[in-house]
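This report refers to the structure that appears directly beneath it.
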Amino acid sequence: MKNIFKKLLAMGIALMMVSACVYLPAFAASGDNEDNNENIVVGDILDEIGNENSDNNEVTEKKITIAFKIGDSILKINDQDVAVTTPYEQNGTTLVPLRVITEAFGATVEWNDADMGVTLTYEDVVINIWIDRTDALVNGQKTTLLLAPQLTNDTTMVPLRFITENFGADVSYDDATEAILVEKTIVEEGAVTDYSSILHNTDKEYIGDSYYGWSMKASKSLSVADRAFDGRNTVFAYGDKAAIGIFITRLNGITKDEVFTLFKETAGNKTITKQSESKDSQGNDCLIIETKSSTIKEYQKHIISDGLLYTVLVEVSLDGGDMDSISLAETFSINVKDFKNAVDLSDVVNGKRTYENKNLKFKLDMPADWYESSNKDIENVITFTNRESYSDNSYSYVGVSIQSVDNISSIDSWARHDYEGNKELYNLDYAEFSDSVKTKSFLGNDAKYYTYSVKNSDGKVVETMEDIFFVQGDYAYNFAFKVVGNGDADIEAIKKSVTVKDIDKSKVGSLLVKQEDDITYTTVNGSANVEYSAPMTWNINRDAGSNSSMVNNGVDTSVIVFAIDGNYRIEDALNSMLKDYSKKSKNYKLIKPASYTAVGSKKGYRAVFSYEDNQGLAYIMDIFICNDGNNCVQCMLDTPIEYYGAKNIKIFETVIDSVNVK
């Protein structure tokens, strides 16, 4: 995918910290996915929509067609006759039986005698209406009906527009049969929330998100191509050759000048037709840039408010794209309070969003500010991360991992393997594990579980974890709940919201969670004349000159390899390095003084010290220096103190033993 903009990360702006990741064989490191989710402001969104449409072709769809005539008590649902209370008109408004139509779409309908109310639940939408009242609630948000629902022959009758606006159904008239047709296409698996049809049928003037407080003019030409679980990224198609993307990112202290400068510099790669920096109507800093290439016209609008960057991006193909899409984007505004005349994309109810995986048959309620950090290429590993709970290089998160029962020897062995793996990752001077894998009930199943807590250098508990394993039906499950800082209340509420139903094995088939029994190494060619073995799962970064570093983003751990020409006295080189770090590192403390030792086939000087970074977080630096021919080789392991465990030490020593200066 081509990128319109460089990553903000490229200028050192960490718009989003990478998800916390412990040694959980059940979970893939989510850094790459999160990078795509938020750090890239947007790729080529016309290409993105093409990709989305390609993916959607593989999704199972079914069409519901309901035909009826005013004054006729027979409805046809997919050509099947159903006797109903007769639809009728009142003051030019068509009223239809609520239950029979909405249940055909898959909604559930509940009647409440006490207040003459009806509750409809459809996918992740809950609608409350009342007889003879025009006020209604959609996911807790107030709205007004064209006409109050009526009770006729013990049947709730509602305006036809209520059906079209809230269930995304298309309405047409069949001249041949003189029938009104209500049609809805239902996407059975993995669908984007069905806002597109709603947009096509609504008469509301605006579209927006009440949780994030933004809105812009609506259009029947808009359709939702993609929307992130947490609502921070939304991409609309506008016809076939135009697209609008709305992206909300946290700036984490980065200044307005730094952000705006980046966008201005990036825009310089194309012909700039407009660039203006000013204040919007509410006094927020605003940057507008328009550019064009030989094929595409682009419009950018960036607004900064309360530490958030709101970006609106429009791409219009010069080969027939609709320029009205730019007119819509120009109306984009933030800090909006009134959504009565807007299609509200927000699915937040009482501060929570419901995540439902229809394929894997589980559901849970997540706090509204959590995001899904899963690797989309791995369907049976789903992770959620709390971007608000950053502390000591980690985030609270929830992970769900599912595999076929016939792919494990037992649920106990899966749990024990995970338990031992985490114990190897952590520095046991700073992490306390339950003494064994234990048994309890979870969701009505006999489950295996273990817990651990992590302390900082001051002895304060900063992280707790509970890993739960159980079997239901043909599949084994691992639910992991990690709390960082003061996230206990969120985690407990999430646990209580979890529901799991038996997975249809005939549809899902076999699932396997990869186990890291042994670390697989690969040969890395350094920037200059150095090569060494590194874990295949680590990301490799190469610096200029003879410096080569590899970084494991999951636990903020790096191994750095230097090769310096010249046969230096390695003891002097080590002492010089330690002296240098003692000057610039906060609370420097030598843990293991320099000593001459062997690491595999290499012999040299090794020392270990602790230090604090600028945020007061404690780290370990393990240094080994030796000679290789006419070169001085320097290897360093830099890791948070809690991750200076057996696993990372073994990786470091493998790198040392494998270093070869060519």
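Just so it is clear, the values below take in all heavy atoms, side chains as well, and ignore hydrogens, waters and symmetry mates.
- Around atom CG of Asn350, no more than 12 heavy atoms belonging to other residues, nucleotides or ligands sit under 6.0 Å away.
- Within a 6.0 Å radius of CG in Asp406, other residues, nucleotides and ligands contribute more than 12 heavy atoms.
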Exercise for review: Would you sort out whether Leu360 and Val508 count as a side chain to side chain contact (heavy atoms under 4.5 Å, CB included), showing the intermediate values?
Suggested key: CA-CA 8 Å; Leu360 298 179; Val508 174; 4.1 Å; yes
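- For the pairing with Tyr452, the ring pair (Phe, Tyr, Trp, His ring centres under 6.0 Å) check across Phe481, Tyr419, Tyr426 returns one residue only, Tyr426.
- Of the candidates Arg353, Lys352, Arg227, Asp347 forms a side chain to side chain donor-acceptor pair (under 3.5 Å) with just one, namely Arg353.
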Exercise for review: Evaluate the criterion side chain to side chain contact (heavy atoms under 4.5 Å, CB included) for residue pair Thr249 and Arg232; output intermediate values, then yes/no.
Suggested key: CA-CA 7 Å; Thr249 53; Arg232 294 209 185 190; over 6 Å; no
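- Between Ser346 and Asp344, the shortest heavy-atom distance links the atoms N-OD1, 3.0 Å.
- Put simply, the side chain of Thr383 gets close to the backbone of Ser373: a donor and an acceptor are under 3.5 Å apart.
- The distance from the CZ atom of Arg416 to the OG atom of Ser436 is 6.5 Å, given to the nearest 0.5 Å.
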Practice item. Start with the C-alpha gap between Phe384 and Leu364, add the side-chain angles, then the distance that decides, and say whether side chain to side chain contact (heavy atoms under 4.5 Å, CB included) holds. Key: CA-CA 11 Å; Phe384 304 90; Leu364 70 172; 4.2 Å; yes
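- The two residues Asp230 and Tyr212 have their closest heavy-atom pair at O-OH, 2.6 Å.
- The one candidate from Tyr355, Trp370, Tyr371 that meets the ring pair (Phe, Tyr, Trp, His ring centres under 6.0 Å) condition with Phe229 is Tyr355.
- Listed for the Asp226 side chain is no donor-acceptor partner under 3.5 Å among the backbone atoms of Val235.
- Judged by distance alone, the side chain of Asn456 and the main-chain N or O of Asp458 form a donor-acceptor pair under 3.5 Å.
- Rounding to the nearest 0.5 angstrom, the gap separating the CD atom in Glu356 from the OG1 atom in Thr499 is 7.5 Å.
- Side-chain contact between Leu120 and Leu98 is present, with heavy atoms from C-beta onward closer than 4.5 Å.
- Counting all heavy atoms, side chain and backbone alike, Gln472 lies closest to Val500 at NE2-O, 3.1 Å.
- Proximity of a side-chain donor or acceptor of Ser533 to a complementary backbone N or O of Val655 within less than 3.5 Å is not detected.
- Taking CG of Asp418 as the start and OH of Tyr449 as the end, the distance is 15.5 Å to the nearest 0.5 Å.
- A 4.5 Å side-chain heavy-atom check between Tyr644 and Leu637 finds at least one atom pair inside the cut-off.
- Contact annotation: the side chain of Ile649 never approaches that of Ile651 to less than 4.5 Å [non-hydrogen atoms, C-beta and beyond].
- Counting only distance, with no hydrogens or angles, the side chain of Gln403 and the backbone of Val513 share a donor-acceptor pair below 3.5 Å.
- Ring geometry for Phe469 against Tyr450 counts as parallel: the plane angle stays under 30°, on a 0 to 90° scale with 60° as the upper cut.
- When atom types are taken as modelled, the side chain of Asn648 and the backbone of Tyr643 share a donor-acceptor pair closer than 3.5 angstrom.
- The heavy-atom pair separating Ser510 from Asn407 by the smallest distance is OG-ND2, 3.1 Å.
- With hydrogens and angles disregarded, a donor-acceptor distance shorter than 3.5 Å links the side chain of Asn427 to the backbone of Ile641.
- To the nearest 0.5 angstrom, Met536 atom CE is 10.5 Å from Thr523 atom OG1.
- At a threshold of 4.5 Å between non-hydrogen side-chain atoms, the residues Asp467 and Asn478 count as touching.
- Shown here for Ile519 and Pro535, the closest heavy-atom pair between the two residues is CG2-CB, 3.7 Å.
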Point to revise | Test side chain to side chain contact (heavy atoms under 4.5 Å, CB included) applied to Met366 and Ile494, step by step | key: CA-CA 6 Å; Met366 302 302 301; Ile494 294 169; 3.6 Å; yes
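- Checked for salt-bridge contact, Lys423 and Glu420 miss the test: no charged N lies under 4.0 Å from a carboxylate O.
- At a threshold of 4.5 Å between non-hydrogen side-chain atoms, the residues Val484 and Val462 do not count as touching.
- In terms of modelled atom types and a separation under 3.5 Å, the side chain of Asn445 and the main chain of Leu443 share a donor-acceptor contact.
- Residue Asn233 holds its CG atom at 5.5 Å from CZ of Phe247, rounded to the nearest 0.5 Å.
- Side-chain atoms of Thr108 and Thr119, non-hydrogen and from C-beta on, never get closer than 4.5 Å to each other.
- Contact check for Thr439 versus Lys448: side-chain heavy atoms found under the 4.5 Å cut-off.
- Partner Glu466 forms a salt bridge (charged side-chain N to carboxylate O under 4.0 Å, His left out) with one of Lys482, Lys438, Lys440 and no other, that one being Lys440.
- For the pair Ile163 and Phe105, the minimum side-chain heavy-atom distance is below 4.5 Å.
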Practice item. Begin with the C-alpha distance, continue with both residues' side-chain angles, and end with the deciding distance and a verdict on salt bridge (charged side-chain N to carboxylate O under 4.0 Å, His left out) for Lys650 and Glu653. Key: CA-CA 5 Å; Lys650 181 180 178 181; Glu653 292 179 346; over 6 Å; no
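- Taking both residues in full, the closest heavy atoms of Tyr211 and Asp209 are given as N-OD1, 2.8 Å, listed atom of the first, atom of the second, then distance.
- For the atom pair CD1 (Ile77) and CD (Glu103), the distance works out to 9.5 Å, reported to the nearest 0.5 Å.
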